[in-house]
Amino acid sequence: MKTRYRNRAEMAADTTTLTTDCLFARTRVQVCDALRSVVPGLPEEVVQRVDLTPTRDPSHGDMATNAAMLAAKPARRKPADIAAELVAKLSELPEIAKAEAAGPGFVNLTLRPEVLQGVAVSVLKAGERYGRSTMGQGTRVNVEYVSANPTGPMHVGHCRGAVVGDALANLLEAAGSPVTREYYINDAGTQVVALTWATYWRYLQAIGTEISADDFSPLTPNGLQYQGEYLIPVADSIAEKHGRALADAEGGPADPSVWFETVRREALTQMMAAIREDLEALGISHEVFASEAETLASGRVDAAIAKLDSKGLLYEGVLEPPKGKMPEDWEARPQTLFRSTEFGDDQDRALRKSDGTNTYFANDIGYHAQKAENADVLIDVLGADHGGYVSRMRAAISALTDGKTGFEVVMCQIVRVVKNGEPVKMSKRAGTFVTLRDLLDEVGRDAVRFTMLTRKADAQMEFDLDAVVAQTRDNPVFYVQYAHARCRSVLRSAETMFGAESVTPEALCSADLTNLSSDVELAVLRRLAAFPRSVEAAATAREPHRIATYCIDLASDFHALWNRGREDTTLRFLHENDRATSLAKLALVSAIAGTLRCALTILGVVPVEEMR
RNA sequence: GGACCUGUAGCUCAGCUGGAUAGAGCGUUGCCCUCCGAAGGCAAAGGUCACGCGUUCGAAUCGCGUCAGGUCCA
């Protein structure tokens, strides 16, 4: 496993060259240098824990560091004393207007205004690359997400994992990791057999045979499991292509050897095509669609099992009966077990059933081994219902790769869909489940994506259909989009006022920014400065929702600034008779719009130019 | 019975990997349009961070236990 930083400090201390063009990262290096000279011989692992954070309270300056408090114990000195010496050292730096010790040992730093003003220029120069980092260089990441069974169209239950996985992939890419987006098609299991039978039933109807679900069900291996109408067009196209050739002379069910493989392939192809369309509508495209059947055929599953065996990790045994509620049909059965308990699992796990066929787990091991051939870290984005699967998979990957390949799971908890204050009931059986397409049609792609990303993945969330289309402050999608649209609106007005060529990002880079000195303007600049830091932190934590939170915060700063211009005309962006001042303000506005675009792009949300 | 996730304002949720007086939105109560888009902003009120013990300079955050909700267990 390649380097995985436990925290930002470690990440930043790990390298002498900065991974991102970030004011915080640069200043932190200076703080660390100062600390080393104030406390000679301080162990590096202590220095690495030094953190430099934005302050919550502007009266504490622009940034605060915990350096003195961290060093106090190893240096056997009082935090306040170290802080005082740090203050003296840091005050000498040209970038720092004021350094002061405060509270239990913080050192608060106030930057010279031109340093903060320079942030706007950095943003404009970086353009769409603002916030990008090289932190992940050398760590190839495979993110597997969605992987919905190809047995029907996507429904809202798949949506959160899809959006989170996609945003996470974008985020890790922004943080410098080469990312593979992957979808695992479970096309070798019993569900696909069931799908095939269900499609065949619809096929018989398509060629004019009258056969009810109740009549057909007993003919199938496991009953008729899918009766959805979405199979009708699939069956129609099969009927069109093959006529009555797949049925017997009377149009009734023929022997499976006649039709099964044909129908299976056709159903799978069309289901996957439908899913890809759904994904496309969500703005998602995977680089790899991996087939379980192909992985099996490639021999990788057998190879993985053989490898575990060669390490002495397999044995024939009988699992303990489940504690508590005992399934009625439970019986002790000897089967091939993997010693996952040696890797932290709470129970050994079966790789082969008593009849000798592979379990799902066995196939999944082979598949993960396949992914590990081209990645250093595997991330599975899973629904909460797969929680029990994590520790056994981690055990298997650890065993197979000798711990070289990282395995992480981002677990997405349930989304409750609410409309008019009432939960929307979903039942696949009753056919009342909401498809992804329905949801997109109702609220729109960007609203779905952004809203799903405003909460951390491992917390349950409520998705209020009314709220996400509301054009009000309590709808964060709208709020953020509105901020961007307002920026663009100002810039459009500026173009007519000063000429388009004067307000391009390149032209605005050379504006004199010294008049950006009010508290609200400096607050926005501080926020812009924190973006690269947020990207690295979000990537390290595998938490794309932090980028959504950042968007909301920046939008809030901007709306506040906008409204302050009502009472204080010097804060307005456009001053017809004062070109120099206007260009400074416009540089800030352009930097805000640019940063919002960078952030929204990570989330896969399209920034809008105007609201209608 | 066990595993994983969650518990923060009346409601929906943030809280930047242990830091200063715990923050938003909605709802409630007041303000702010002659003015770049008021689809916004400002302010007030609202908290035993589920509970208990522990770790330490310092805990919503880390550990253990209890309770509650969710997901799962060949």
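Every chain is numbered from 1, with letters handed out A, B, ... down the list of sequences. Computed from heavy atoms alone, side chains included, the values below leave out hydrogens, waters and symmetry copies.
Note on A:A470: nothing from the nucleic acid sits closer than 4.0 angstrom, heavy atoms only.
Comparing B:rG7 with B:rA60, their C1' atoms are spaced 11 Å from each other, to the whole Å. Look at the P atom in both B:rG1 and B:rG18: the space between them is 34 Å, to the nearest Å.
A sub-4.0 Å separation between OP1 or OP2 of B:rG41 and a side-chain N or O of A:R486 is absent. OP1 or OP2 of B:rC57 sits under 4.0 Å from a side-chain N or O of A:K73. A close approach under 4.0 Å does occur between a side-chain nitrogen or oxygen of A:K456 and OP1 or OP2 of B:rG15.
A cation-pi arrangement is present between A:R533 and A:F24 under the rule of less than 6.0 angstrom and at most 45 degrees off the ring axis.
Comparing B:rG15, B:rU12, B:rG40 against the side chain of A:R455 picks out B:rU12 as the nearest. When distances are taken from the side chain of A:Y479 to each of B:rG40, B:rG70, B:rC36, the shortest belongs to B:rG40.
Remark: A:F478 pairs with A:Y482 by the ring-ring contact (aromatic ring centres under 6.0 Å, His included) rule, at least two apart or across chains.
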| message | Using a 4.0 Å heavy-atom cut-off to protein, can you give one letter per nucleotide of nucleotides 21-28 of chain B, 5' to 3': B if the base is in contact, S if only the sugar-phosphate is, - if neither? | response | ---SSS--
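Remark: the A:D346 side chain and the B:rG2 base include no donor-acceptor N/O pair separated by less than 3.5 Å. A donor and an acceptor atom never sit less than 3.5 Å apart when one is taken from the side chain of A:R564 and the other from the base of B:rC42.
Atom C1' of nucleotide B:rA74 and atom CG of A:D355 are separated by 12 Å, given to the nearest angstrom.
Across all strands shown, B:rC57 forms a Watson-Crick or G-U wobble pair, both distances under 3.5 Å, with B:rG19. Base-pair partner of B:rC67: B:rG7 (Watson-Crick or G-U wobble, both distances under 3.5 Å). Nucleotide B:rG47 forms a pair with no other nucleotide shown, judged by Watson-Crick or G-U wobble geometry with both contacts under 3.5 Å.
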Counting only pairs under 3.5 Å, give me each side-chain donor-acceptor contact of residues 383-393 of chain A, with atom names and distances, residues two or more places apart or in other chains.
| from | atom 1 | to | atom 2 | distance (Å) |
| --- | --- | --- | --- | --- |
| A:Y389 | OH | A:D364 | OD2 | 3.3 |
| A:S391 | OG | A:D345 | OD1 | 3.0 |
| A:R392 | NE | A:G388 | O | 3.4 |
| A:R392 | NH2 | A:G388 | O | 3.1 |

